[in-house]
Novice: 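Encoded as structure tokens, here's the structure I'll be asking about.
Worth knowing before you read on, the calculation uses all heavy atoms, side chains too, and leaves out hydrogens, waters and symmetry mates. Naming convention: chains lettered A, B, ... in sequence-line order (proteins, then strands); numbering from 1 in each chain.
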Number of protein chains: 2
Amino acid sequence: MGTKERRAREKEQLRQQILVAARELFVNEGYENISMRKIANKIEYSPTTIYLYFRDKADLLDSVCQETLLNLLNTLEQLKRDESDPVEALRKSGRTYVEFGLKYPQDYKLTFVIRPQFQKGLGLEEGSVGEKVFNYLREMVSECVQQKRFRQMDVETTGQVLWSAVHGVTLLLIDFPDFPWTEKDELIDTVIHTTIEGLKA
Amino acid sequence: MGTKERRAREKEQLRQQILVAARELFVNEGYENISMRKIANKIEYSPTTIYLYFRDKADLLDSVCQETLLNLLNTLEQLKRDESDPVEALRKSGRTYVEFGLKYPQDYKLTFVIRPQFQKGLGLEEGSVGEKVFNYLREMVSECVQQKRFRQMDVETTGQVLWSAVHGVTLLLIDFPDFPWTEKDELIDTVIHTTIEGLKA
DNA sequence: GATATAATATTAACACTGTAAAGTTAGATA
DNA sequence: TATCTAACTTTACAGTGTTAATATTATATC
């Protein structure tokens with residue numbers, strides 16, 4: 001009598017299908033250019049079916065962003081263990097963060113800029129994936145502070161300074177692609193290097 | 001025969017009226033929550049009248065943002081002359097930039113995040129106000145570099161690093177108001193201080 | 001002052017949006 | 001076979017950006 005289980009599985013499958021379709025459309029054409037009808041079309045269901053799986057369009061966006069955060073977290077955690085120098089590990093994490101943002105620019109903007117607009121004060125609350133990402137950063141930083149590699153400063157602030165730098169350069173590179181930036185990789189490295197040096201000083 | 005001039009003046013007045021109404025609504029309720037009809041209502045004209053003054057909604061947004069940039073430029077230029085130490089001047093400019101962003105958070109997001117989404121590769125092209133803002137930064141930085149206050153690095157990159165930092169912290173503070181940030185002023189100062197120290201190192 | 005002309009504003013309409021409510025259908029249980 | 005229930009669709013509503021056609025007004029010319 002596994003019918004119930006099968007049904008639950010099928011339901012979850014459709015949920016995933018919706019998510020996949022939504023992400024693809026959001027990412028390629030922008031959140032505000034995608035209608036529920038377009039998503040529905042893509043998966044060949046009626047538009048209102050989506051509402052059986054997601055409260056509204058913002059909730060759907062929210063779920064897409066959760067996945068992005070999870071994806072980012074996984075990407076970061078793959079680095080974690082194979083580095084003895086904590087400062088070097090932090091540097092690498094910074095690079096990975098920015099690279100992630102540039103590899104999936106629309107996902108990044110959806111998650112860190114657009115979603116906050118639609119659901120205020122979200123994404124970093126206790127137990128959330130967002131918080132886990134920040135915890136990752138906290139750990140990295142904490143290691144550097146403990147080993148006295150940085151000037152005396154509390155871990156929170158230090159982390160926030162670093163986040164500001166990588167968030168800033170990521171968004172600028174995404175949003176102003178035509179600006180005469182310094183060669184991209186060099187700029188990213190310089191931003192991270194400068195910030196880390198500043199934390200030592 | 002000043003009728004022509006008067007007419008032109010009246011036309012410009014209505015244009016301004018539209019801009020003022022649009023800004024107020026965009027800023028208070030968000031670009032995507034404001035319809036052309038709502039703007040029209042506010043100024044007591046029919047919705048389509050707006051189209052005699054602006055190509056479309058994105059063009060209207062564009063004009064609002066131009067004003068914001070001008071406003072930012074003026075705010076920055078008021079600082080310019082009364083500072084002998086270029087590094088200190090740069091520090092103050094950074095603070096002013098972030099404060100501007102936090103004082104008009106919706107304007108800031110409209111200008112530096114949302115507008116780029118609607119008209120790609122904009123706002124910093126030659127002769128634009130956006131370019132003038134960046135030129136201001138360039139001058140500040142250039143002074144520091146010339147006086148050998150910073151480590152040897154080209155002016156462009158240095159400016160971009162600084163911009164990344166202030167842009168990043170501004171947006172994080174705007175977008176995640178509920179995150180347990182270090183006390184706001186302290187965070188801003190630390191971001192700027194750290195970046196500048198990093199540029200010296 | 002009457003009339004033609006140009007500028008300005010409005011009305012009506014189109015195709016599309018998010019989403020609530022009601023209706024339908026297919027499969028499981030009895 | 002009859003009933004129940006979960007899944008899905010149809011219909012509908014109020015609102016959207018925007019265009020084309022129309023109406024109104026103010027000016028210039030006679």
Novice: Quick one: does NZ or CZ of A/Lys57 land under 6.0 Å from the six-membered ring centre of A/Phe118, within 45 degrees of the ring axis?
Specialist: no
Novice: Are A/Glu12 and A/Arg9 close enough for a salt bridge, meaning some N to O gap below 4.0 Å?
Specialist: no
Novice: For B/Trp163, which residues count as a side-chain hydrogen bond (donor to acceptor under 3.5 Å, both in side chains) partner, sequence neighbours excluded?
Specialist: B/Tyr97
Novice: Taking only residues two or more places apart in sequence or in another chain, which ones pass salt bridge (Lys or Arg N to Asp or Glu O under 4.0 Å) with A/Asp185?
Specialist: A/Arg95
Novice: Could you check how far CZ of A/Arg9 sits from C1' of D/dA6, rounded to whole Å?
Specialist: 17 Å
Novice: What string of B, S and - do you get for nucleotides 7-20 of chain D, 5' to 3', when a contact is any protein heavy atom under 4.0 Å?
Specialist: SBBB-B---BBBB-
Novice: Does a salt bridge link B/Asp175 with B/Lys109, judged by any charged N lying under 4.0 Å from a carboxylate O?
Specialist: yes
